[in-house]
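Worksheet: the structure to be examined is printed underneath.
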Protein chains: 2
Amino acid sequence: MAPSDTEQQLFDAALTLFARHGKAGARMQAIADEAGLNKAMLHYYFRSKDQLYEAVFGYAMQQFMASFDNALRTASSFGEALRLFIDGYITFCKHHTDAMRLLVNENLRGGSLVGQHLQQLKATAPDAPPQLMLRTIERAVASGEIRPVDADHTLLSIVSGCLFPFIARPTAEVLHPEAAQWDAFVEARKQHLFDLLYHGLRTDTPSA
Amino acid sequence: MAPSDTEQQLFDAALTLFARHGKAGARMQAIADEAGLNKAMLHYYFRSKDQLYEAVFGYAMQQFMASFDNALRTASSFGEALRLFIDGYITFCKHHTDAMRLLVNENLRGGSLVGQHLQQLKATAPDAPPQLMLRTIERAVASGEIRPVDADHTLLSIVSGCLFPFIARPTAEVLHPEAAQWDAFVEARKQHLFDLLYHGLRTDTPSA
DNA sequence: GTCTATATCTCGATAGAC
DNA sequence: GTCTATCGAGATATAGAC
């Protein structure tokens with residue numbers, strides 16, 4: 001069932017405002033305004049604010065997971081997988097900033113939605129991107145391609161490096177004013193992060 | 001002027017609840033309850049919710065900055081500085097989770113408070129921890145102790161590695177259920193992160 | 001300084017015309 | 001399906017007794 005135009009507009013507006021102001025801070029009136037419609041339509045399509053939020057959150061999560069899937073499966077070496085993962089992650093954040101913000105927000109608040117959706121995902125798709133990357137790391141350790149690091153911590157480090165600039169953008173912009181051209185800064189980050197992590201993980205280091 | 005006991009109790013309760021539910025989600029009634037007092041006292045000491053929030057935010061920021069200052073100045077090598085910075089950061093997050101959550105939340109929301117306070121800090125204390133660590137990185141690059149990395153990106157990577165487990169705790173706990181003993185996981189992270197970053201940054205890699 | 005009681009308003013949700 | 005008008009809960013903030 002394809003959602004109607006109206007429903008889609010409301011949905012998009014909700015994503016934007018929930019991401020910007022959080023679940024509690026976003027106003028149904030503001031969402032309706034953003035969509036160029038009225039509150040009654042919001043309730044007509046989504047019943048309540050709670051249900052609207054859950055729908056939006058589920059969508060963000062799904063969109064997020066889908067964004068790496070293909071990339072990761074084509075990698076033929078750990079280095080390539082690492083680069084694809086980093087590039088994919090950062091590109092996703094750049095183009096779907098609202099979705100990312102929503103996910104981080106929910107995590108930060110310790111909401112139960114994160115656990116629910118992840119558990120479900122783990123059950124229905126045991127080789128979703130996070131697990132896939134975990135196993136990629138474990139294989140690379142086993143084959144000696146990288147040092148014997150803890151896979152969970154390593155994945156956390158990779159993800160954090162990708163996400164953090166978006167989370168801490170206001171701080172980053174003060175510390176690094178030249179980054180006024182945000183897009184260039186984000187692009188440069190892909191390369192920096194790959195270098196740092198690849199050097200940090202690989203077994204042998206031929207001198208330059 | 002030392003704040004009265006009452007004021008302090010209200011303040012602490014506010015920090016807890018603002019961190020837990022965000023500025024919009026936290027209820028003045030709930031803050032009063034948490035402090036074992038009533039709403040009227042909140043307005044008596046802090047005028048409005050806005051002013052209460054600003055006071056709490058400023059305090060969190062200040063507490064955060066103060067927590068590294070001494071540690072960083074005693075380091076005699078880059079490796080030592082890196083270890084002190086990581087240990088200090090993670091320990092701070094562990095013991096002042098609410099303050100950290102508040103700061104991250106405000107960053108995520110792109111609030112203007114972050115910029116204001118950081119600008120002011122930069123003016124009054126030009127060698128506050130962030131700048132201090134930046135210069136430490138630059139010196140280490142200049143001396144050849146580490147590879148010629150971009151200092152801003154590197155600092156961002158270090159900070160993100162420290163903070164992220166706390167930000168993404170719900171996700172981390174699903175991916176890594178053994179981390180049910182959170183404290184042990186956090187302690188282990190100090191070592192993991194230092195290893196990863198030190199290997200990633202240093203110039204030469206003597207084989208084990 | 002501290003409390004109870006209340007004023008004022010904002011927001012989520014619904015009713016009902018079209 | 002879409003809108004205007006409105007209800008009623010719950011929020012911030014204040015008044016005023018003690």
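No hydrogens, no waters, no symmetry mates; every other heavy atom, side chains included, goes into these values.
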For Gln9(A) and Asp5(A), does a side-chain donor sit closer than 3.5 Å to a side-chain acceptor? no
Any donor-acceptor pair under 3.5 Å linking the side-chain atoms of Arg109(B) with those of Asn105(B)? yes
Within the pair [X] and [N], is there a side-chain N or O less than 4.0 Å away from OP1 or OP2?
{"X": "Tyr44(B)", "N": "dA13(D)", "answer": "no"}
{"X": "Ser4(B)", "N": "dG1(C)", "answer": "no"}
{"X": "His43(B)", "N": "dA13(D)", "answer": "yes"}
{"X": "Arg27(A)", "N": "dG12(C)", "answer": "yes"}
{"X": "Thr6(B)", "N": "dG1(C)", "answer": "no"}

Rounded to whole angstrom units, what separation is found between the [atom1] atom of [X] and the [atom2] atom of [N]?
{"X": "Lys49(A)", "N": "dT10(C)", "atom1": "NZ", "atom2": "C1'", "result": "12 Å"}
{"X": "Leu37(A)", "N": "dT4(D)", "atom1": "CG", "atom2": "P", "result": "11 Å"}
{"X": "Lys39(B)", "N": "dA7(C)", "atom1": "NZ", "atom2": "P", "result": "14 Å"}
{"X": "His21(A)", "N": "dT10(C)", "atom1": "NE2", "atom2": "P", "result": "17 Å"}
{"X": "Asp33(B)", "N": "dA11(D)", "atom1": "CG", "atom2": "P", "result": "11 Å"}
{"X": "Glu7(B)", "N": "dT2(C)", "atom1": "CD", "atom2": "C1'", "result": "15 Å"}
{"X": "Asp50(A)", "N": "dC11(C)", "atom1": "CG", "atom2": "P", "result": "17 Å"}
{"X": "Gln29(B)", "N": "dA5(C)", "atom1": "CD", "atom2": "P", "result": "13 Å"}

For Ala26(B) and His21(B), the nearest pair of non-hydrogen atoms, with its separation, is N-CB, 3.7 Å
Which nucleotide in the set [options] lies at the smallest distance from any side-chain heavy atom of [X]?
{"X": "Asn38(A)", "options": "dT6(D), dT4(D), dG1(D)", "answer": "dT4(D)"}
{"X": "Tyr45(B)", "options": "dA15(D), dT2(C), dG1(D)", "answer": "dT2(C)"}
{"X": "Ala40(A)", "options": "dT6(C), dA15(C), dT4(C)", "answer": "dA15(C)"}
{"X": "Met41(A)", "options": "dG1(D), dA13(C), dA13(D)", "answer": "dG1(D)"}

State whether Lys94(A) and Glu187(A) are salt-bridged, where the test is any N-O pair (Lys NZ or Arg NE/NH1/NH2 against Asp/Glu carboxylate O) under 4.0 Å. yes
Could you tell me whether [X] contacts a base, only the sugar-phosphate backbone, or nothing, with contacts defined as non-hydrogen atoms closer than 4.0 Å?
{"X": "Leu42(A)", "answer": "nothing"}
{"X": "Phe46(B)", "answer": "nothing"}
{"X": "Ala30(A)", "answer": "nothing"}
{"X": "Ala26(A)", "answer": "sugar-phosphate"}
{"X": "Met28(A)", "answer": "sugar-phosphate"}

What about the rings of Phe164(B) and Phe164(A), do their centers lie closer together than 6.0 Å? no
Answer yes if the ring centres of Phe64(B) and Tyr89(B) are under 6.0 angstrom apart, and no otherwise. yes
